[in-house]
J.: 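If you scroll down you'll find the structure; I have some questions about it.
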Amino acid sequence: MRKRIVAGNWKMNKNLTEALSLTSEVVNMVRDEVRGDVEVVLCTPFIYLTSLKKYTDEVTRISLGAQNCHQNASGAYTGEVSAAMLASIEVPYVLVGHSERRQYFGENDELLAQKVKIALENGLKPIFCCGESLQQRQNEDFLAIVKAQLTASLFDLSPEDFGKVVIAYEPIWAIGTGLTASSDQAQEMHAELRAHVASHYGAQVADDTTILYGGSCNEKNAAELFACPDVDGGLIGGASLKSREFTNIVKARM
Ligand code: 13P
């Protein structure tokens, strides 16, 4: 059975004091209000992960994720953070291939394949982000483009390793724009991606793959998006910065 997950991606937001209060509020609300089998992941800036762990450790359904890791094991890469470092502080998840990393830091399919691989070698679970630009959506080859992102960065993995990867479909035109994919658009892509996984790894692996939707998901539209049969949860940006709204989105996934 695939997992239901609601993950928050804080991006480059919050100072330490704000990070501590946001996390403790989310932990309390989730503990008191959330039932069912939904898992909550907070992908915070690296610098806060160690301090936040004592909060998230209180509630089993909540865990932490990093927003990136380096593709090499260690060495002279000033300013970078390795997958082994994340594993050493017991961070279970790591975002790989967010469109902002692809766009602003030139991360391409081959590099992302390396990042996924090293994350898995270190026991981390990658949340692999994919999605098309507005122009690609308008040219109507968007389904093929997003499927190709999966093929290029994930399909060399063994079925066992692939089973540890979470996919997050994030149409770039919906990120931070207030333009959400409609539930029909999200379902169409998610079903297509699941079929694509099935064509390579078989129906069982595809059925067990968690596919999240991200892009202007908020407390108002989450329930409709999560009602789609192939949408297993969300990757939430702006709305994850407010404890009440984020928890309401988690509750929409219960
Ligand atoms: P928004 O929810 O702010 O659109 O961001 C989505 C996102 O990029 C999550 O990774």
Side-chain angles (χ1 to χ4, degrees), residues 4-14 18-19 22-23 26 38-46 48-49 62-69 86 91-105 107 112 115-116 119 124-134 136-137 142 145-146 149-150 153 165-183 185-186 189-190 193 210-226 228 231-253:
R4 300 165 163 223
I5 297 175
V6 175
N9 175 10
W10 292 7
K11 308 189 181 184
M12 195 174 72
N13 291 295
K14 303 288 180 191
E18 293 163 346
L22 174 57
T23 304
V26 168
V38 59
E39 188 175 331
V40 179
V41 183
L42 304 180
C43 299
T44 81
F46 291 126
Y48 304 136
L49 288 166
I62 305 185
S63 54
L64 291 170
Q67 297 174 13
N68 182 30
C69 68
L86 295 171
V91 166
Y93 286 94
V94 59
L95 297 181
V96 176
H98 192 280
S99 63
E100 288 148 18
R101 302 285 324 166
R102 294 176 190 256
Q103 188 180 351
Y104 305 134
F105 302 94
E107 297 194 354
L112 298 173
K115 291 194 176 200
V116 167
L124 302 174
K125 289 174 269 191
I127 301 177
F128 179 79
C129 306
C130 56
E132 81 286 1
S133 68
L134 185 58
Q136 288 165 335
R137 161 93 28 188
F142 57 94
I145 284 170
V146 182
Q149 292 172 348
L150 260 54
S153 298
V165 177
V166 173
I167 293 172
Y169 167 58
E170 298 205 302
I172 298 169
W173 47 272
I175 296 178
T177 57
L179 276 179
T180 317
S182 67
S183 50
Q185 288 172 319
M189 178 64 80
H190 283 229
L193 294 179
T210 297
I211 310 181
L212 310 180
Y213 168 80
S216 296
C217 185
N218 58 42
E219 61 188 347
K220 295 199 178 68
N221 59 31
E224 191 185 334
L225 287 160
F226 297 166
C228 300
V231 177
D232 305 312
L235 179 56
I236 317 299
S240 75
L241 300 173
K242 297 178 213 131
S243 54
R244 182 71 270 163
E245 177 155 22
F246 182 65
T247 307
N248 287 347
I249 296 171
V250 176
K251 288 164 79 175
R253 179 62 293 186

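Keep in mind it's a predicted model, so treat the numbers as computed, not measured. When a ligand or atom number is given, it counts from 1 through the structure's own listing order.
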J.: Hey, mind stepping through Ile175 and Glu100 against side-chain contact (heavy atoms from CB on, under 4.5 Å) and telling me if it holds?
T.: CA-CA 10 Å; Ile175 296 178; Glu100 288 148 18; 3.6 Å; yes
J.: State if Ser216 counts as touching ligand 1 under the rule of any non-hydrogen atom under 4.0 Å.
T.: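 For ligand 1, residue contact (heavy atoms, under 4.0 Å) with Ser216 is present.
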J.: Among side-chain atoms of His98 and Gln67, is any donor-acceptor pair under 3.5 angstrom?
T.: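 Note: His98 and Gln67 side chains miss the donor-acceptor criterion.
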J.: Which is closest to atom 3 (O) of ligand 1 in terms of heavy atoms, Gly214, Ser99, Gly238, Ser240?
T.: Gly238
J.: With respect to Lys11, determine whether any N or O atom, backbone or side chain, lies less than 3.5 Å from an N or O atom of ligand 1.
T.: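 So ligand 1 has an N or O lying under 3.5 Å from an N or O of Lys11.
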J.: Check for me whether Gly176 has a heavy atom closer than 4.0 Å to any atom of ligand 1.
T.: yes
J.: Assign the ring pair Tyr213 / His190 to parallel, tilted or perpendicular, where the plane angle (0 to 90°) is split at 30° and 60°.
T.: tilted
J.: Any idea which atoms of ligand 1 are less than 4.0 Å away from a heavy-atom of Gly215?
T.: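 Result: 4 (O), 6 (C).
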J.: Ligand 1 and Leu235, any nitrogen or oxygen pair closer than 3.5 angstrom?
T.: no
J.: With side chains defined as the heavy atoms from C-beta onward, is the minimum distance between Ile172 and Arg102 less than 4.5 Å?
T.: no
J.: Between Val96 and Val165, is there a side-chain heavy-atom distance shorter than 4.5 Å?
T.: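 Answer no - side chains too far apart.
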J.: Can you name the one residue among Ile5, Leu193, Val231 that meets side-chain contact (heavy atoms from CB on, under 4.5 Å) with Ile211?
T.: Leu193
J.: Check this for me - ligand 1, Asn9, N or O atoms closer than 3.5 angstrom, yes or no?
T.: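 Yes, Asn9 has an N/O under 3.5 Å of an N/O on ligand 1.
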J.: Would Ala174 count as a contact of ligand 1 if the rule is a heavy atom under 4.0 Å away?
T.: yes
J.: What is the closest protein heavy atom to atom 7 (C) of ligand 1, and at what distance does it sit?
T.: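 The closest one turns out to be Glu170 OE2, 3.1 Å.
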J.: To which protein heavy atom is atom 2 (O) of ligand 1 closest, and what is the distance rounded to 0.1 Å?
T.: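 Looking only at protein heavy atoms, the one closest to atom 2 (O) of ligand 1 is Gly237 N, 2.9 Å.
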J.: Which of these passes side-chain contact (heavy atoms from CB on, under 4.5 Å) with Phe128: Leu95, Leu150, Val166?
T.: Leu150
